[in-house]
2 protein chains.
Amino acid sequence: MDISKADSGARRSGTAGDVWLRPSARKGRDAPPLSRDRIVEEAVTLLDAEGADRLTMRRLAERLGTGSTTLYWHVKTKDDVLDLALDMIFAEVLIPAESRGWRADITALIDGWRAVLLRHPWSAALLSRPMLGPNVLARSEFLYATLLRAGAVEPHLTAAAYGLSNYVIGSGLMQATWPTGAGQEARQAAQEHLRAHQESYPALAAHGPHVAEADWDTGFALGLTWLLDGIQAGIAGK
Amino acid sequence: MDISKADSGARRSGTAGDVWLRPSARKGRDAPPLSRDRIVEEAVTLLDAEGADRLTMRRLAERLGTGSTTLYWHVKTKDDVLDLALDMIFAEVLIPAESRGWRADITALIDGWRAVLLRHPWSAALLSRPMLGPNVLARSEFLYATLLRAGAVEPHLTAAAYGLSNYVIGSGLMQATWPTGAGQEARQAAQEHLRAHQESYPALAAHGPHVAEADWDTGFALGLTWLLDGIQAGIAGK
DNA sequence: ACCTGAACACCGTTCAAGT
DNA sequence: ACCTGAACACCGTTCAAGT
């Protein structure tokens, strides 16, 4: 291939290289062309790696090998990026293919949902924006359809759908927030603070979530069972 | 009072007024001296009036009649202001004075908690930071103490405390987020979007939360009942 | 002990201009 | 159709300096 020689020659001279080499020599390395999908993808990995307050249009653009202002051709605003990122990770929540009964189906959905929230801790804090992306809607659809097929009617239907959603969201928010593992110095400080004021908070100091590594999983499962039992009773008693 | 005359005279001349009048002529009008409490108080009213993304150290300082940098004497960081504001509104949650039974007590606490979240919609989004303020802790203490007195033991105790908290938090977040009343154009747009794709989301389009003004209150109450029933069964069956 | 001003290192976003 | 650069109107925070 003589092209490589021509290339290096062009690079050695300060002037522009050969025409047919220039467009393929992309920004950073061998980056695919910029696109909305690529932006959102990169946003998710940036969020996963550094958290929500480190996501900046400038930093995001830098990772993509462009200027920050270029992003605005593909995306209207930073909030759009966040909305798109939030919907993208929802695609990871598996929708049960074949039914094993409504309780099992819903449990699978909710567990998957929770897993995603914990896998992408930044997402829990973003739940305060209305979620209307296709991936979110598809999973809401599954939830409603499953409840309807199980025989739920109003007001139990809405209460069930909301109750389940709110429960996962709250749980995900709490656990994602909680200083775990790395941020253990914060947890320890909280623990000491509680012990120092244990005359004010005796029950909390003795049994509170700050004292021991909480068993989030069984706690979550227990609460979910209570909710599902209630829904089931509502259906049976129509 | 001759002082008023002296005052106006001093103001008319461009030079400094009488010594004993100057210190009492505060920044804006008759503002009390700056203090941490006053800053947090003003932050809450600013948040209530304009929302979280309009809270700025500069704007907050302006309302208080100072420069933004002055705030940093009383407060270490903007996040501190948010933490303090969050704890301040928790003081509005009434802790039941005399017991009417554990279910009634807890229901009262949770309902009060929810009411605060809805009264200060910005607060729901801030729940992603660890809450260790005195007002928050006092209410957590009440929750744990009540559950303990009712006879809850592990793992039901933790599951109950978490489940209830997560449920209110999630509900508050969702409802505070939801485009209600004023932001009705967004809700209507969501509605149309759903109808336009109703072959993809049939259950959602027919029964989803977007179709009708949701009855949040009864939905919330129903879900809370399910949770409490589950907790009660756990206690009874020890 | 408290307040001020200037300054630093950032932000999101717009827009005329390039190819 | 896509990308660039300069520019605007902001941010949170620090710090030397004032009283």
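As the structure is a prediction and not an experimental result, all values here were calculated from the model. Below, chains carry the letters A, B, ... as their sequence lines are ordered, and counting in each starts from 1. All values below were derived from every heavy atom in this structure, side-chain atoms included, with hydrogens, water molecules and symmetry-related copies excluded.
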Round to a whole Å and report the spacing from [atom1] of [X] to [atom2] of [N].
X	N	atom1	atom2	answer
B/Arg54	D/dC11	CZ	P	8 Å
B/Arg36	C/dA1	CZ	P	16 Å
B/His74	C/dA1	NE2	P	13 Å
B/Leu60	D/dC11	CG	P	12 Å
A/Leu55	C/dC10	CG	C1'	15 Å
B/Glu62	D/dA9	CD	P	17 Å
B/Trp73	C/dG5	CH2	P	17 Å
A/Arg59	C/dG12	CZ	C1'	15 Å

Query raised in the report: Could you walk me through whether B/Leu132 and A/Leu194 pass the side-chain contact (heavy atoms from CB on, under 4.5 Å) check?
Result: CA-CA 9 Å; B/Leu132 292 172; A/Leu194 225 44; 5.8 Å; no
Can you pull every protein N or O that's under 3.5 Å from an N or O on nucleotides 13-15 of chain D?
| residue | atom | partner | partner atom | Å |
| --- | --- | --- | --- | --- |
| D/dT13 | OP1 | B/Thr77 | OG1 | 2.6 |
| D/dT13 | OP2 | B/Tyr72 | OH | 2.9 |
| D/dT13 | OP2 | B/Thr77 | OG1 | 3.4 |
| D/dT13 | OP2 | B/Lys78 | N | 2.8 |

Not counting sequence neighbours, which residues clear side-chain hydrogen bond (donor to acceptor under 3.5 Å, both in side chains) with [X]? List them please.
X	value
A/Arg195	none
A/Ser123	none
B/His120	B/Asp48, B/Glu92
A/Arg139	none

Report task. Quick one: pull up CZ in A/Phe220 and OH in B/Tyr162 and give me the separation to the nearest 0.5 Å. Result ->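 So the gap between those two atoms works out to 14.0 Å.
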Query raised in the report: What distance separates B/Leu86 CG from B/Asn135 CG, expressed to the nearest 0.5 Å?
Result: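 Output value for this atom pair is 10.0 Å.
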Kindly write out the residues that satisfy salt bridge (charged side-chain N to carboxylate O under 4.0 Å, His left out) with [X], not counting sequence neighbours, or none if the list is empty.
X	result
B/Asp79	B/Arg129
A/Glu42	A/Arg63
B/Asp37	none
B/Arg54	B/Glu50

Query raised in the report: Dot-bracket, DNA chain C: Watson-Crick or G-U, under 3.5 angstrom, [ ] crossing, | other strand?
Result: ||.|||||...|||||.||
Requested in this report: Ignoring hydrogens and angles, tell me if any N or O in the side chain of B/Ser68 forms a donor-acceptor pair with the backbone of B/Arg58 under 3.5 Å.
Outcome: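 Between the backbone of B/Arg58 and the side chain of B/Ser68 there is no qualifying donor-acceptor contact (under 3.5 Å).
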Query raised in the report: Between A/Val93, A/Ile169, A/Asp217, which is the residue that forms a side-chain contact (heavy atoms from CB on, under 4.5 Å) with A/Arg114?
Result: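 Exactly one candidate clears the test, A/Asp217.
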Query - Candidates D/dC11, C/dT4, D/dT4 - which lies nearest the side chain of B/Thr56 - result: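 Of all the options, the side chain of B/Thr56 is nearest to D/dC11.
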Query raised in the report: Step by step, would you call A/Val116 with A/Phe90 a side-chain contact (heavy atoms from CB on, under 4.5 Å)?
Result: CA-CA 7 Å; A/Val116 162; A/Phe90 262 86; 5.5 Å; no
Give me the distances for all protein-to-nucleotides 17-19 of chain C N/O pairs that come in under 3.5 Å?
none

**Report entry** Residue-level proximity of residues 41-48 of chain A to DNA chain C when a heavy atom falls under 4.0 Å
**Finding:**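 DNA chain C contact set from residues 41-48 of chain A: none.
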